[in-house]
Amino acid sequence: MEKFVVTFARGFGTGGKEIASILAKHLGIGCYENRILTLASQMSGLDEKVFQEVNEKIRGNGGFSSFLKGLPRTRNYITRNEKFVSDDKLFDYQSEIIRSLAEQESCVIVGKCADYILRDRQNVVSVYIEAPRAFCVERTMEHMGVTKEVANATITQTDKFRADYYHYYTHGNYWTNPVNYDMTLNSEKVGIEDCVRLIEQYLIIKGLITTDMIKETNH
């Protein structure tokens with residue numbers, strides 16, 4: 001089978017990141033989010049040593065993705081009090097990393113406008129995960145251990161950040177536009193596990209995977 005990429009965009013609290021992670025585990029492929037930001041941040045800071053290492057890894061046989069996996073996870077860089085401020089250099093490096101990953105391996109990429117960056121590739125499936133506000137608030141309260149007020153504020157600000165980020169770097173497109181994606185799923189109505197199964201079935205329909213590639217795991 002040829003290499004393929006599944007990109008995820010998601011509202012805060014929808015479970016999109018969890019769906020992406022489970023899908024990657026089922027398919028035995030990498031799931032990338034914050035490590036892309038870590039490396040891009042280092043590169044955009046003109047760290048010469050990092051540049052040299054990355055250039056060597058990209059030229060090697062599959063070494064780049066292993067290098068990326070070895071990077072520490074960053075904290076979530078979006079906070080409820082943070083406004084979007086453009087950083088074109090950082091985005092350029094993230095885009096370079098995303099394209100390199102797509103060339104070298106099958107993988108799942110969360111956020112970072114990956115659907116837009118890889119939009120011209122036939123082996124890419126783009127997914128948007130949405131859910132009603134009450135569902136997102138409940139999940140956020142549970143996972144972050146915060147009050148309802150804090151959960152609401154976090155969702156509002158984070159989704160605003162993501163929308164502004166997407167609008168800026170896609171030159172005016174809007175983040176929740178269903179035309180951007182192969183699939184838009186409501187994680188409350190469909191359920192986390194069944195969202196994963198639906199995406200797997202779509203990948204089979206597209207001829208990107210076969211049923212025997214799916215290995216369900218306990219998580």
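Between the CG atom in Leu208 and the CD atom in Gln122 there is a gap of 10.0 Å [rounded to 0.5 Å]. Here Asn173 contributes atom CG and Cys113 contributes atom SG; the two are 9.5 Å apart, rounded to the nearest 0.5 Å. Rounded to the nearest 0.5 angstrom, Ser106 OG and Asn123 CG are separated by 8.0 Å. Here Thr211 contributes atom OG1 and Glu200 contributes atom CD; the two are 10.5 Å apart, rounded to the nearest 0.5 Å. We find the NZ-CD1 distance between Lys17 and Ile22 to be 13.0 Å, quoted to the nearest 0.5 Å. Note that the CD1 atom of Ile155 and the CD atom of Gln157 stand 12.5 Å from one another [nearest 0.5 Å].
For the salt bridge (charged side-chain N to carboxylate O under 4.0 Å, His left out) test, no residue two or more places apart in sequence or in another chain qualifies with Lys148. Residues that satisfy the salt bridge (charged side-chain N to carboxylate O under 4.0 Å, His left out) test with Asp194, not counting sequence neighbours, are Arg197. Legend: residues meeting ring pair (Phe, Tyr, Trp, His ring centres under 6.0 Å) with Tyr174, ordered by chain and number and at least two apart, are absent. With sequence neighbours left out, Tyr202 forms a side-chain contact (heavy atoms from CB on, under 4.5 Å) with Val125, Asp182, Met183, Lys206. Under the rule for a salt bridge (charged side-chain N to carboxylate O under 4.0 Å, His left out), the partners of Glu103 that lie at least two apart in sequence or sit in another chain are Arg121. The salt bridge (charged side-chain N to carboxylate O under 4.0 Å, His left out) test applied to Asp92 returns no partner, not counting sequence neighbours. Partners of Phe4 under the ring pair (Phe, Tyr, Trp, His ring centres under 6.0 Å) rule, at least two apart in sequence or in another chain, do not exist in this structure. Under the rule for a side-chain contact (heavy atoms from CB on, under 4.5 Å), the partners of Ala24 that lie at least two apart in sequence or sit in another chain are Ile29, Cys31, Val108. By the side-chain contact (heavy atoms from CB on, under 4.5 Å) test, Cys195 is found to be paired with Ile19, Leu185, Ser187, Val190, residues two or more places apart in sequence or in another chain being considered. For Ser126, the side chain to side chain donor-acceptor pair (under 3.5 Å) test picks out Thr7, with sequence neighbours left out.
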* To do: Please test Val6 against Val124 for side-chain contact (heavy atoms from CB on, under 4.5 Å), starting from the C-alpha separation and ending with a verdict.
  => CA-CA 6 Å; Val6 184; Val124 175; over 6 Å; no
* **Stepwise side-chain contact (heavy atoms from CB on, under 4.5 Å) test for Leu37 and Gln94** => CA-CA 7 Å; Leu37 182 73; Gln94 286 181 177; 3.1 Å; yes
* To do: Let me see the working for Cys136 and Phe12 under side-chain contact (heavy atoms from CB on, under 4.5 Å), right down to the final yes or no.
  => CA-CA 7 Å; Cys136 296; Phe12 193 88; over 6 Å; no
* To do: Go through the steps to decide whether Tyr168 and Asp88 satisfy the test side chain to side chain donor-acceptor pair (under 3.5 Å), and finish with yes or no.
  => CA-CA 10 Å; Tyr168 179 84; Asp88 293 346; 3.1 Å; yes
* To do: Run the numbers on Lys25 and Leu23 for side-chain contact (heavy atoms from CB on, under 4.5 Å), then give the verdict.
  => CA-CA 5 Å; Lys25 287 178 182 176; Leu23 177 70; over 6 Å; no
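Between Asn186 and Pro132, the shortest heavy-atom contact is OD1-CD, 3.6 Å. When every heavy atom of Ile97 is checked against every heavy atom of Ala40, the shortest pair comes out as CD1-N, 3.7 Å. Across Ala114 and Ile109, no two heavy atoms sit closer than the pair CB-CG2, 3.7 Å. Considering all non-hydrogen atoms of both residues, Arg10 and Thr14 come closest at CB-OG1, 3.6 Å.
Leu101 places none of its side-chain heavy atoms less than 4.5 Å from the side chain of Val5. Taking the side chain as every heavy atom from C-beta outward, Val146 and Thr154 never approach each other to under 4.5 Å. Side-chain contact between Thr140 and Phe135: absent, with no pair of heavy atoms (C-beta onward) separated by less than 4.5 Å. Between Arg162 and Thr158, some side-chain heavy-atom pair lies under the 4.5 Å cut-off. Glu130 places none of its side-chain heavy atoms less than 4.5 Å from the side chain of Thr176. In this structure the side chain of Leu27 reaches within 4.5 angstrom of the side chain of Leu203, judged on heavy atoms. At least one side-chain heavy atom of Ile98 sits less than 4.5 Å from a side-chain heavy atom of Lys112. Residues Ile199 and Val127 have side chains in contact (heavy-atom distance under 4.5 Å, counting atoms from C-beta outward).
Remark: the Arg119 side chain and the Asn180 side chain contain no N/O donor-acceptor pair separated by less than 3.5 Å.
In this structure, Asp115 contributes its side chain and Phe8 its backbone to no donor-acceptor pair below 3.5 Å. A distance-only check finds a donor-acceptor pair linking the side chain of Ser95 to the backbone of Phe91 [under 3.5 Å].
Of the charged side-chain nitrogens involved, at least one lies within less than 4.0 Å of a carboxylate oxygen, so that Asp164 and Lys160 count as a salt-bridged pair. Comment: Lys3 does not engage Glu105 in a salt bridge, judged by the lack of any side-chain N to carboxylate O separation of less than 4.0 angstrom.
If you chain together ILVMFWY residues whose side-chain heavy atoms come under 4.5 Å of each other, Tyr166 ends up grouped with Tyr116, Tyr128, Trp175, Tyr181.
Under the salt bridge (Lys or Arg N to Asp or Glu O under 4.0 Å) criterion, the residue pairs touching residues 135-146 are Glu18-Arg139, with sequence neighbours excluded.
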